[in-house]
Amino acid sequence: MMRWTQALLATLREAPQDAEIISHKLLIRAGMLRKVGGGLYTFMPLGMRALRKVEQIIREEMDRAGAQEILMPALQPAELWRTTGRWESMGAGMFKVTDRKEAKYALAPTAEEVVTALLKGEVSSYRQLPKTVYQIQTKFRDEIRPRFGLMRGKEFIMKDAYSFDTTMDAADKSYQAMFDAYVRIFKRCGLAAKPVEADTGDIGGSSSHEFMVLAPSGEDSILDCAACGYAANQERAERQSMPVPYQQEVAAAEVVDTPGQETCVAVAAFLNVAVNQIVKSLVVLANGQPVMVLVPGDRELNELKLKRILGGAKISEASAEAVAAAVGPVGSIGPVGVTIPVYADRSLEGAADVVTGANQAGKHLLHVSLARDAHVLAYEDLVVVSEGDHCPRCGKPLAVRRGIEVGHVFKLGMKYTQAFNATYLDEAGAAQTMVMGCYGIGVTRTLQAIVEQSNDANGIVWPAAIAPYQVNLLILDPDNRDVVARAEALGSELEALGVDVFVDDRAERPGIKFKDADLIGLPVRVVAGAKSFEKGGFEVRRRTDADAVIRSPETAAAAIVNLLK
RNA sequence: CGGAGCGUAGCGCAGCCUGGUAGCGCGUUUGGUUCGGGACCAAAAGGUCGAGGGUUCAAAUCCCUCCGCUCCGACCA
């Protein structure tokens with residue numbers, strides 16, 4: 001039984017001005033979180049208890065899925081990172097430190113290298129596989145912009161798990177086991193988390209899913225098909241491409257003056273044609289070499305898709321000078337007559353009467369047939385999928401939603417095990433490379449996502465499984481010995497039944513206690529006061545209920561336990 | 001890093017434009033009246049005005065430099 005008068009707890013009537021989203025404001029106001037610096041927070045006692053609840057659920061489900069908990073150091077020798085080349089490729093996102101002997105270390109942003117080196121040493125036979133290990137540990141990332149409290153911090157707590165298998169098929173099973181565990185974890189946390197297809201990013205590997213909590217404040221966009229259940233991160237989302245309508249060759253390409261018209265919208269208006277009759281030509285650098293990409297004039301290029309098509313090449317923006325040197329002046333470039341490689345979105349396949357830049361300042365070409373007038377290396381899905389596009393599976397329109405990424409599962413294949421030469425001997429005594437998967441949950445982010453998804457105008461509404469305490473016992477007349485004695489008796493009875501009780505024993509007016517109880521958001525509020533006893537006992541109310549119910553001292557504990565189920 | 005804004009008591013803010021005693025609300029402490037949805041009265045504590053430099057008789061206020069924080073874009077659990 002924790003008593004407020006003894007707790008390190010202060011609620012705030014107003015939110016600090018640097019908190020932007022509701023969950024951040026509420027965690028600060030409810031005294032659960034305090035800021036230390038940008039992207040750095042202290043968990044106060046109440047917040048700490050909620051965090052431990054999330055961790056415990058994760059532990060239980062990881063263990064249930066057959067994973068084993070370990071703890072690796074957060075300080076990782078640079079040598080390990082050099083083995084995979086990520087010492088360089090992680091770039092500025094990784095904190096690097098140097099010891100007194102000038103040896104370099106990474107502050108763990110993740111642990112593929114450490115765990116792969118570990119399993120390489122521990123596993124030598126197929127008989128020892130599969131193995132999945134996990135840890136719950138502080139991670140460090142030098143985020144360009146920490147944001148929204150715990151949502152994106154420089155330091156955060158992550159559950160990271162790693163699976164090692166003999167074959168791709170076996171690895172798929174391990175992946176599925178983790179996927180299923182994630183579904184259970186987020187469900188037990190009271191979160192509606194949606195698995196969506198995702199890009200693998202710098203971690204690499206063949207496929208991955210993110211677990212997204214839908215929220216307007218989320219940083220990711222998700223394409224969602226209500227008809228068939230397809231869901232994907234916008235970075236990854238595909239679409240059924242509808243060919244642009246201009247399929248008939250009508251005339252030879254013809255140069256027209258378009259003075260000062262540089263954007264697709266402007267050129268379309270100037271020439272009095274639809275924006276999607278304009279072909280948007282972009283030049284980007286792939287591993288430093290210029291490449292042209294064509295998309296319909298009303299579309300955006302998805303650089304990640306281009307990157308995949310180009311075999312993982314580093315895509316970067318080309319300067320206006322570089323574009324001018326490669327093809328022509330920015331604002332008037334096009335694929336006709338260029339010598340650099342040209343890729344086009346699938347929807348442009350067969351486009352035969354479109355407008356492109358003429359690679360001369362202030363001039364465009366009418367009636368361009370891509371097949372006749374340009375040399376397109378490949379037609380691929382290259383655009384950012386947006387609201388209303390056709391679902392790649394069923395063709396129905398897709399909706400765009402915002403999401404908070406709370407978990408991410410990856411099939412890594414042999415990217416890391418190959419780099420470390422992490423092999424085992426198969427039945428025939430031949431060395432084989434282990435197949436790997438990795439699985440992350442942002443624990444601190446998950447905690448905040450729970451608050452983001454579960455609150456009302458008065459404060460937090462903790463799901464019972466995560467709440468720092470289950471019961472908030474308000475003693476309205478702390479000077480009344482009889483009231484205090486009966487409240488204490490109920491508290492002890494509840495604790496004996498395994499219910500965590502928080503007691504507001506402050507000498508404050510009732511209104512203040514009610515407001516604070518709503519703000520802190522424990523699942524059940526019990527009021528003990530002279531008035532409640534006149535009415536027959538304790539007032540019991542769930543955080544989500546409109547009204548309280550009177551329970552006699554004899555029946556209160558059982559009734560409360562029942563409410564918590 | 002690019003763009004925008006902010007930095008004055010624990011929290012929320014005013015004062016700055018037009019230089020001259022550092023203020024308000026909440027919170028905190030003490031006393032009193034109150035007491036079922038953020039009471040009232042009285043008294044009090046609490047401030048390197050983000051830092052450094054400059055202008056000036058005089059700087060929270062004007063100028064310069066730096067630092068920190070927040071928001072919008074590229075990174076990600």
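Throughout, a chain's letter reflects where its sequence line sits, starting with A, and its residues are numbered from 1. Hydrogens, waters and symmetry mates are skipped; everything else that's a heavy atom, side chains included, is used.
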When only distance counts, do a donor and an acceptor, one from the side chain of [X] and one from the base of [N], lie under 3.5 Å apart?
{"X": "A:Arg147", "N": "B:U70", "result": "no"}
{"X": "A:Arg29", "N": "B:G27", "result": "no"}
{"X": "A:Arg152", "N": "B:C75", "result": "yes"}
{"X": "A:Arg13", "N": "B:G10", "result": "no"}

Does A:Phe514 stack onto the base of B:G38, taking stacking as ring centres under 5.5 Å apart and planes under 30° apart?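 Not stacked: fails the 5.5 Å / 30° test.
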So which nucleotide does B:C62 pair with, by the Watson-Crick or G-U wobble rule with both distances under 3.5 Å? B:G54
Taking a pair as Watson-Crick or G-U wobble with both distances under 3.5 Å, which nucleotide is matched to B:G37?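 Result: none.
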Protein-nucleotide distance ([X], atom [atom1]; [N], atom [atom2]), rounded to Å:
{"X": "A:Arg236", "N": "B:C76", "atom1": "CZ", "atom2": "P", "result": "15 Å"}
{"X": "A:Leu40", "N": "B:U70", "atom1": "CG", "atom2": "C1'", "result": "15 Å"}
{"X": "A:Leu304", "N": "B:C75", "atom1": "CG", "atom2": "P", "result": "7 Å"}
{"X": "A:Ile475", "N": "B:G36", "atom1": "CD1", "atom2": "P", "result": "17 Å"}
{"X": "A:Lys159", "N": "B:C76", "atom1": "NZ", "atom2": "C1'", "result": "16 Å"}

Using the [atom1] atom as the point on both nucleotides, what is the distance between [M] and [N], in whole Å?
{"N": "B:U61", "M": "B:C6", "atom1": "P", "value": "15 Å"}
{"N": "B:U70", "M": "B:U8", "atom1": "P", "value": "14 Å"}
{"N": "B:C17", "M": "B:U21", "atom1": "P", "value": "13 Å"}
{"N": "B:A44", "M": "B:C24", "atom1": "P", "value": "12 Å"}
{"N": "B:G31", "M": "B:C16", "atom1": "C1'", "value": "39 Å"}
{"N": "B:C11", "M": "B:G27", "atom1": "C1'", "value": "7 Å"}
{"N": "B:U29", "M": "B:U48", "atom1": "C1'", "value": "25 Å"}
{"N": "B:G15", "M": "B:G47", "atom1": "C1'", "value": "15 Å"}

With a 6.0 Å cut-off on the ring centroids, do [X] and [Y] count as close?
{"X": "A:Phe533", "Y": "A:Phe538", "answer": "yes"}
{"X": "A:His408", "Y": "A:Tyr182", "answer": "no"}
{"X": "A:Tyr105", "Y": "A:Phe95", "answer": "no"}

Dump the intermediate steps for ring-ring contact (aromatic ring centres under 6.0 Å, His included) on A:Tyr439 and A:Phe211, then the final yes or no. CA-CA 11 Å; A:Tyr439 317 93; A:Phe211 286 76; over 10 Å; no
At under 4.0 Å between heavy atoms, what does A:Pro146 touch on the DNA or RNA strands: base, sugar-phosphate, or nothing?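 If one applies the 4.0 Å heavy-atom cut-off, A:Pro146 turns out to touch the sugar-phosphate alone, with no base involved.
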Considering every strand and a 4.0 Å limit on heavy-atom distances, what is the contact class for A:Asp220: base, sugar-phosphate, or nothing? base
Nearest listed nucleotide, side chain of [X], among [options]:
{"X": "A:Arg145", "options": "B:G12, B:G73, B:A77", "result": "B:G73"}
{"X": "A:Glu20", "options": "B:C13, B:C71, B:A77", "result": "B:C71"}
{"X": "A:Arg445", "options": "B:G38, B:A77, B:G37", "result": "B:A77"}

Do A:Lys280 and A:Glu300 meet the salt-bridge criterion of a basic N to acidic O distance under 4.0 Å? yes
Reckon [X] has a side-chain N or O less than 4.0 Å from the OP1 or OP2 of [N]?
{"X": "A:Lys139", "N": "B:C76", "result": "no"}
{"X": "A:Arg509", "N": "B:G36", "result": "no"}
{"X": "A:Lys515", "N": "B:G37", "result": "no"}

side-chain contact (heavy atoms from CB on, under 4.5 Å) with A:Val406: of A:Ile185, A:Ile450, A:Thr446, only one passes, and it is A:Thr446
